[in-house]
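Data block below; observations after.
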Protein chains: 2
Amino acid sequence: MGGRTTRQRKAVTRALAGCQDFMSAQELYALLVAGDHAIGLTTVYRALRELETDGGVDVVRDETGGRLYRLRPADGHRHYLMCRDCGRSRPVDSEVVEEWAGRIAAATGFTAVEHTVELTGVCADCLARTDGGRPSGHEGEKPPCRWDRGPGLQGPVHSCAS
Amino acid sequence: MGGRTTRQRKAVTRALAGCQDFMSAQELYALLVAGDHAIGLTTVYRALRELETDGGVDVVRDETGGRLYRLRPADGHRHYLMCRDCGRSRPVDSEVVEEWAGRIAAATGFTAVEHTVELTGVCADCLARTDGGRPSGHEGEKPPCRWDRGPGLQGPVHSCAS
DNA sequence: ATAATTGCAAAGGGTTTGCACGAAG
DNA sequence: CTTCGTGCAAACCCTTTGCAATTAT
């Protein structure tokens, strides 16, 4: 289950630990490489899949279906509310939903019931940044602050690759 | 918004109407072609995306991230519990979750909050069919009754393509 | 020593796009 | 007529796999 402790796997976990947001395999790869960590894209994919299997990460899918990973808190899996503009995510209290899922399972006779619950929206900051909602007329131009960190990695993300 | 009423679009909607389960674009395409409806795969993709935009279908993603479509009931969107073995799905009562999502939105200052809620499990039939769970030792062989309909389309699905 | 891990390059596979033809309004 | 829709083939792009070299234990 555990597997060997390699430089690469440590780097992936460390990168994840430094990010408070969900990251794709490609993003993590870019981050690592930019941070002078020699690693192959394939290895990143494999490390993440392993982490997923071992329950080390929470996973959501982007609009395209691609997987986004975030280190799972020590106290178990969480659900998140993610900003569609900037990509920042925060865990939300989801007891109600967990219970609901349990009730459904019991009521339907289904076993091994698993649930996927994802919330997305526009955070206050992004709403403000885009002129309060709809005016100005340049809808499609919302600069995704998630990528505002830049292709080169400034801001909070810096700590990911370090 | 509506678009033109073409033979192909009618066929796609009709195929969906005949299916009680979630179907992928490829599946619908296969169904239509097998049912003697001349149509291009591309067209199926486009028709489904349009339906999705117009809110005509509910969408979930399969394990690979691919989209699965199901005609949305007239009274609004629903959430579903789907069997991981046979693929059959049933709408579940999700008021609790809708309310929860609303509360989260209010509490966090996020706007335009959208939610994705999917439940999967193993239905009673499939559980029985696979020897009650784990014995017998041939784990990986669960015959997906979803595909039991066969590559050639027997059973309830027949009505899809008709 | 020995089996797991890495990483490149190539394969894979579902979805989208370019573009000329055809059909709807 | 004029615009929108269609469908083929090619392009995309993320992800996985084959396989020889490398590394942890």
Side-chain angles (χ1 to χ4, degrees), chain A residues 1-16 22-54 56-57 59-70 87 140 144 146-147 151 161, chain B residues 1-16 22-54 56-57 59-70 87 140 144 146-147 151 161:
Chain A
M1 213 177 253
R4 291 180 180 174
T5 304
T6 65
R7 171 177 57 77
Q8 292 88 337
R9 291 183 184 177
K10 273 186 277 193
V12 169
T13 303
R14 194 174 173 196
L16 277 170
F22 281 92
M23 307 288 287
S24 71
Q26 308 253 7
E27 289 166 355
L28 283 165
Y29 170 69
L31 228 40
L32 288 164
V33 170
D36 282 315
H37 292 254
I39 194 171
L41 177 56
T42 305
T43 303
V44 175
Y45 274 107
R46 285 193 279 233
L48 289 173
R49 266 211 301 177
E50 219 167 275
L51 278 170
E52 185 176 355
T53 302
D54 299 354
V57 288
V59 185
V60 300
R61 341 274 311 222
D62 62 21
E63 49 306 328
T64 328
R67 285 171 147 71
L68 302 180
Y69 303 86
R70 175 172 169 154
R146 175 154 199 220
W147 306 129
Chain B
M1 214 177 253
R4 291 181 182 173
T5 304
T6 66
R7 172 177 56 76
Q8 292 89 337
R9 290 182 185 180
K10 273 185 276 193
V12 169
T13 303
R14 194 174 172 196
L16 276 170
F22 281 92
M23 307 287 289
S24 71
Q26 308 253 6
E27 289 167 357
L28 284 165
Y29 170 69
L31 228 39
L32 288 164
V33 169
D36 281 317
H37 291 256
I39 194 171
L41 177 55
T42 306
T43 303
V44 176
Y45 274 107
R46 285 192 278 232
L48 290 172
R49 265 209 299 176
E50 219 166 274
L51 278 170
E52 185 177 355
T53 301
D54 298 354
V57 289
V59 185
V60 301
R61 343 267 319 214
D62 63 18
E63 49 309 323
T64 329
R67 286 169 146 71
L68 302 180
Y69 303 85
R70 174 173 170 154
R146 175 158 199 215
W147 305 126

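Chain letters run A, B, ... following the sequence lines, proteins first, then strands; residues in each count from 1. For clarity, every value in this text was computed on a predicted model and none was experimentally measured.
- Val44(B) approaches Ala25(B) most closely through the heavy-atom pair CG1-O, 3.6 Å.
- In this structure, Gln26(A) places its CD atom 15 Å from C1' of dG7(C), rounding to the nearest Å.
- In this structure, Arg49(A) atom CZ and dT16(D) atom C1' are separated by 7 Å, rounded to whole Å.
- Rounded to a whole Å, the OH atom of Tyr69(B) is 7 Å from the P atom of dT15(C).
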Distances for protein N or O near nucleotides 4-6 of chain D N or O, under 3.5 Å:
unit_1, atom_1, unit_2, atom_2, d
dC4(D), O4', Arg4(B), NH1, 3.4
dC4(D), O4', Arg4(B), NH2, 3.1
dC4(D), O2, Arg4(B), NH1, 3.2
dG5(D), OP1, Arg9(B), NH1, 3.1
dG5(D), OP1, Arg9(B), NH2, 3.1
dG5(D), O5', Arg9(B), NH2, 3.3
dT6(D), OP1, Thr6(B), OG1, 2.7
dT6(D), O3', Gln8(B), NE2, 3.0

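- Spacing between atom CD of Glu52(B) and atom P of dT16(C) amounts to 9 Å, rounded to whole angstrom units.
- Looking at every heavy atom in both residues, Gly65(B) comes nearest to Arg61(A) through N-NH2, 3.1 Å.
- Among dC14(D), dG7(D), dT15(C), the nucleotide with an atom closest to any side-chain atom of Thr42(B) is dG7(D).
- Separating the CG atom of Leu32(A) from the P atom of dG7(C) is a distance of 11 Å, rounded to the nearest angstrom.
- Of the possible donor and acceptor atoms, one in the side chain of Asp62(A) sits under 3.5 Å from a partner among the backbone N and O of Thr64(A).
- If you measure from atom OH of Tyr29(A) to atom P of dT6(C), you get 14 Å, rounded to the nearest angstrom.
- Note: CE (Met23(A)) to P (dC14(D)) measures 14 Å, nearest angstrom.
- Out of dT16(D), dG25(C), dC14(D), the shortest distance to the side chain of Thr5(B) is found at dG25(C).
- Looking at Leu48(A) and Arg67(A), their side chains never come closer than 4.5 Å, going by heavy atoms from C-beta outward.
- Rounded to an integer number of Å, the gap from CG of Leu41(A) to P of dC13(D) is 15 Å.
- Phosphate proximity of dT16(C) to Tyr45(B): absent, as no side-chain N or O sits under 4.0 Å from OP1 or OP2.
- For Arg9(A) (side chain) and Thr43(A) (main-chain N/O), no donor-acceptor pair under 3.5 Å exists by modelled atom type.
- Counting heavy atoms from C-beta outward, Tyr45(A) and Gln26(A) have side chains that approach closer than 4.5 Å.
- Ile39(B) has its side chain within reach of Val12(B): a pair of non-hydrogen atoms, C-beta onward, lies under 4.5 Å apart.
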